[in-house]
J.: 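Structure incoming, see below.
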Amino acid sequence: MGLDMYLRGDKFIARIERDEDGNTFTVNRPVIEGFEVTSYNLDLGYWRKFAPLHQYIVKVFADGVDECQPIELSADDCRRTADALRESGLPDNEDCHGFFFGSPEFWDDYMVEAEEHAQVFDNAAAWVESNAWNTVIYQASW
């Protein structure tokens with residue numbers, strides 16, 4: 001048990017699309033077990049017990065409410081998070097506590113790789129901007 005953190009992409013598949021000339025056409029959605037697929041869930045990122053990152057997202061984008069609820073992040077939110085990772089803008093280790101949150105050793109290891117984690121959020125920002133139907137959701141569980 002512990003803090004598991006997921007960055008998920010939801011890609012909606014429209015039933016009707018428009019081509020570059022503005023003409024509409026019907027999309028042939030994939031079918032699984034006899035049902036049309038209306039969206040795909042994509043794994044954009046995953047962390048285990050990276051409490052400072054979790055605390056940052058909850059504080060900044062969920063008004064401090066931490067109920068493991070889905071938190072939708074815009075492209076700007078993703079970039080802001082990437083910047084916080086790069087610029088040591090996450091909460092201090094002393095502000096992140098609790099049995100399920102891991103320990104400062106975990107967090108220090110993650111911070112050594114801050115650029116890699118920031119890139120995950122940069123990629124998510126670019127992805128959500130690539131299509132109006134794409135959304136990015138952060139959600140944690142314990």
J.: Can you find a heavy atom in the side chain of P30 that is under 4.5 Å from one in the side chain of I13?
T.: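 With C-beta onward as the side chain, the pair touches.
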J.: Taking C-beta and beyond as the side chain, do Y6 and W47 meet within less than 4.5 Å on heavy atoms?
T.: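 No, too far: nothing below the 4.5 Å cut-off.
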J.: How about V37 and Y40: do any of their side-chain heavy atoms sit closer than 4.5 Å?
T.: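 Heavy-atom side-chain distance check passes, below 4.5 Å.
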J.: Measure from the side-chain N and O atoms of N131 to the backbone N and O of W133, and report whether any donor-acceptor pair falls under 3.5 Å.
T.: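 Yes, because the side chain of N131 sits within donor-acceptor range (under 3.5 Å) of the backbone of W133.
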J.: Where do R80 and Y56 come nearest, in terms of heavy atoms and distance?
T.: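 So the two residues come closest at CG-OH, 3.3 Å.
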J.: Please tell me if the side chains of F121 and D83 come closer than 4.5 Å, counting only heavy atoms from C-beta onward.
T.: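 Contact flag for F121/D83 side chains = no.
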J.: Identify which one of L53, L44, I71 satisfies the side-chain contact (heavy atoms from CB on, under 4.5 Å) criterion when paired with Y138.
T.: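 When L53, L44, I71 are each tested with Y138, the side-chain contact (heavy atoms from CB on, under 4.5 Å) holds only for I71.
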J.: Nearest 0.5 angstrom please: I57 CD1 to L73 CG, how far?
T.: 6.0 Å
J.: Mind checking whether L3 and H54 have side chains closer than 4.5 Å, heavy atoms only?
T.: yes
J.: Locate the shortest heavy-atom distance separating G45 from V120; write the atom from each residue and the value.
T.: CA-CG1, 4.0 Å
J.: Using side chain to side chain donor-acceptor pair (under 3.5 Å) as the criterion, list what pairs up with W127, not counting sequence neighbours.
T.: none
J.: Between A14 and R29, what is the shortest heavy-atom contact and its length?
T.: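 Residues A14 and R29, closest heavy atoms: C-NH2, 3.7 Å.
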J.: How long is the span from the CG atom in D43 to the CG atom in L7, to the nearest 0.5 Å?
T.: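 Between atom CG of D43 and atom CG of L7 there are 9.5 Å.
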J.: Can you tell if the side chain of D122 reaches within under 4.5 Å of the side chain of R79, non-hydrogen atoms only?
T.: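 A side-chain contact exists here, since the closest heavy-atom pair is under 4.5 Å.
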J.: Indicate yes or no: at least one non-hydrogen side-chain atom of E115 is less than 4.5 angstrom from one of R86.
T.: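 Yes, at least one pair of side-chain atoms sits under 4.5 Å.
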J.: Is there a side-chain contact between Q139 and Q69, using heavy atoms and a 4.5 Å cut-off?
T.: no
